[in-house]
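Report on the structure given below.
Values below: every heavy atom of this structure, side chains too, minus hydrogens, waters and symmetry copies. For this chain, numbers begin at 1 and follow the sequence in order.
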Amino acid sequence: MNHKDFISIRDFSPSEIQYLLILARQVKSHPTTYCDALKRKTLAMIFEKPSLRTRVSFDVGIQQMGGFSIYLSPAEINLGKRESVYDVAKNLERMVQGIMVRTFAHEIVEEMARNASIPVINGLTDFCHPCQAMADYLTMWEIKGNLEGLKVAFVGDGDNVAHALMFAGAQVGAHVWVASPRGYEPVEAAVKWSVERGRETGGTCHITNDPAEAVASADVVYTDVWASMGQEAEAEKRDKDFRGYQVNAALFHKAKRDAIFMHCLPAHRGKEVTDEVIDSPQSVVFQQAENRLHAQKAIMLELMKGEFVKLPGLVELQELVHV
Ligand code: CP
Ligand code: NVA
């Protein structure tokens, strides 16, 4: 694989996404094999928004491979205000071996990647959350045994998580349905890209305003908060606009009997999802959260390993992981 950065699922080929997923499975089942793979390497983590899972999983992930992370809070860096993105990139490339960025505008992560000579990983932007999608499809694969042909229904805001779910779904040949209220649908360019990539892989992407249509016979039912980080001022209006888009037992039961419930977390219980659904045996939200760790270890390994660490190729990995 010849990529410096991990910015969007769209930047990769279907076989590269498959490779990263299978590497994640291998890393998960044989963590000690990789315990020195990033020895003494440092990841700078720039957060302009809060985080639990992203921060902990990147920190623990790099430590498990022999490296370190440095947490840089919004107040410390103040990207683009205290210092330009360019200058931050040029400083960090002299001291660390990788940068993870969680920020608002997607263009900031792209600018960081363009200007830094070291790998840059997108830890969530307003546009997409690619690390989340890798953990999501890893989870679906573990539970369902395959990804091709799965019906994945996302109910709620056509947000960063929905976009990444669509992109990765198109890469793995899944059928992704997004049901959002009018005015909250995924952006058109994201839908267009997903439909086109799906033509190569057998995947499809459908947008509707009807949650029941999206969830009907789905293998996976997914939701996310109605107001994302940065949209707090709109929360009250959104609560009204998203009425009817709650994943409750009545909606969930329209899916297949063995459907799973997914949520990137944090969840606003009683809003986008009821306790009954998120706490049900069909909810896999904590396996999904754990898989952030394994999926991101695979991404860091691939991008930050350096010339002395040799990773197995796709065929070799398929044999190791028995798929
Ligand atoms: N799902 C996710 O990215 O969680 P955090 O915002 O806690 O990192
Ligand atoms: N859409 C949410 C995802 C959080 C992981 C947000 O951006 O706040």
Side-chain angles (χ1 to χ4, degrees), residues 17 21 24-25 53 129 132-159 161-181 184-186 194 198 201-226 242-292 294-295 323:
I17 294 297
L21 288 172
R25 281 189 83 150
R53 281 147 292 273
H129 196 0
Q132 180 69 53
M134 295 304 288
D136 297 342
Y137 284 93
L138 175 61
T139 310
M140 292 181 220
W141 188 19
E142 285 175 338
I143 296 168
K144 296 289 171 192
N146 67 297
L147 293 174
E148 241 178 303
L150 281 188
K151 181 174 180 182
V152 180
F154 180 95
V155 179
D157 191 17
D159 62 7
V161 170
H163 290 157
L165 200 71
M166 286 157 50
F167 296 151
Q171 297 278 31
V172 301
H175 305 299
V176 180
W177 286 71
V178 179
S180 311
Y184 294 99
E185 294 94 345
S194 305
T201 62
T204 56
C205 179
H206 312 264
I207 309 300
T208 174
N209 301 119
D210 179 3
E213 185 191 12
V215 171
S217 304
D219 298 285
V220 176
V221 181
Y222 198 126
T223 189
D224 184 14
V225 292
W226 292 338
F242 282 81
R243 236 176 247 153
Y245 288 80
Q246 182 186 66
V247 179
N248 49 35
L251 183 62
F252 189 70
H253 286 142
K254 296 186 193 301
K256 284 198 182 135
R257 282 175 71 91
D258 64 347
I260 52 173
F261 171 75
M262 300 183 80
H263 193 309
C264 55
L265 305 179
H268 293 159
R269 289 160 173 264
K271 288 195 176 181
E272 75 273 7
V273 62
T274 57
D275 285 340
E276 193 182 0
V277 171
I278 199 169
D279 295 330
S280 77
Q282 280 164 274
S283 170
V284 299
V285 297
F286 301 120
Q287 181 172 343
Q288 193 185 346
E290 181 194 325
N291 279 337
R292 292 290 303 278
H294 310 296
V323 288

Worksheet, complete the sentence: Here the gap from Leu138 atom CG to Ile143 atom CD1, rounded to the nearest 0.5 Å, amounts to 9.5 Å

Discussion item. Restricting to side-chain hydrogen bond (donor to acceptor under 3.5 Å, both in side chains), what partner residues turn up for Asn209, sequence neighbours left out?
Written reply: Arg182, Glu185

Fill in: Spatial distance of atom CD (Glu148) from atom NE2 (His175) [nearest 0.5 Å]
9.0 Å

Worksheet item: Met140 and Leu150: which non-hydrogen atoms are nearest, and at how many Å?
Response: CB-CD1, 4.1 Å

Practice prompt. Write out all pairs satisfying salt bridge (Lys or Arg N to Asp or Glu O under 4.0 Å) with one or both partners inside residues 132-142, taking only residues at least two apart or from two chains.
Written response: Lys28-Glu142

Fill in: Closest heavy-atom pair and its distance - Val225, Asp157
O-CB, 4.2 Å

Worksheet entry | Stepwise side-chain contact (heavy atoms from CB on, under 4.5 Å) check, Glu276 with Phe252 | CA-CA 10 Å; Glu276 193 182 0; Phe252 189 70; over 6 Å; no

Worksheet, complete the sentence: Between Ala24 and His294, the two heavy atoms sitting closest are CB-O, 3.7 Å

Item to complete: Check for a donor-acceptor pair, side chain of Thr223 on one end and backbone N or O of Val155 on the other, with a separation under 3.5 Å.
Response: yes

Worksheet item: CG/Asp258 to NZ/Lys144 distance, rounded to the nearest 0.5 angstrom?
Response: 3.5 Å

Item to complete: Check Pro211 against Gly244 and note the closest heavy-atom contact, atom names and distance.
Response: CG-O, 3.5 Å

Worksheet entry | Within residues 133-158 or reaching into it, pairs that qualify as ring-ring contact (aromatic ring centres under 6.0 Å, His included) - sequence neighbours excluded | Phe154-Tyr222

Item to complete: Using side chain to side chain contact (heavy atoms under 4.5 Å, CB included) as the criterion, list what pairs up with Thr201, not counting sequence neighbours.
Response: Pro14, Arg197

Discussion item. Under the salt bridge (Lys or Arg N to Asp or Glu O under 4.0 Å) definition, can you give me all pairs with a residue in residues 279-289, not counting sequence neighbours?
Written reply: Arg269-Asp279

Worksheet item: CD1 of Ile17 to CG of Leu147: how many Å apart, nearest 0.5 Å?
Response: 11.5 Å

Discussion item. Using 0.5 Å steps for rounding, measure from the CG atom of Asn291 to the CD atom of Gln132.
Written reply: 10.0 Å

Fill in: Non-hydrogen side-chain atoms of Lys254 and Leu251 separated by less than 4.5 Å
yes

Fill in: Non-neighbouring partners of Tyr184 that pass ring-ring contact (aromatic ring centres under 6.0 Å, His included), sequence neighbours left out
Phe242

Response to the item:
All heavy atoms of His263 vs all of Leu265, minimum pair found to be ND1-N, 2.8 Å

Worksheet entry | Candidate pair His206 and Glu213, rule side-chain contact (heavy atoms from CB on, under 4.5 Å), full reasoning | CA-CA 10 Å; His206 312 264; Glu213 185 191 12; over 6 Å; no

Worksheet item: Can you tell me if Ser217 uses its side chain to pair, donor with acceptor, with the backbone of Lys256 under 3.5 Å?
Response: no

Worksheet item: Counting N and O atoms only, with roles assigned by atom type, does the side chain of Gln288 sit under 3.5 Å from a partner on the main chain of Phe261, one being a donor and the other an acceptor?
Response: no

Item to complete: Decide yes or no for Glu272 and Trp226: does some side-chain heavy atom of the first lie under 4.5 Å from some side-chain heavy atom of the second?
Response: yes

Worksheet item: With distance as the sole test, does Lys151 use its side chain to make a donor-acceptor pair with the main-chain N or O of Val215 at under 3.5 Å?
Response: no

Worksheet item: Taking all atoms of both residues into account, what is the closest heavy-atom pair of Ala174 and Val152, and its distance?
Response: CB-CG2, 4.4 Å

Fill in: Side chain Gln246, main chain Thr274, donor-acceptor under 3.5 Å
no

Worksheet item: Given side chains that start at C-beta, do those of Arg53 and Pro266 come closer than 4.5 Å, heavy atoms only?
Response: yes

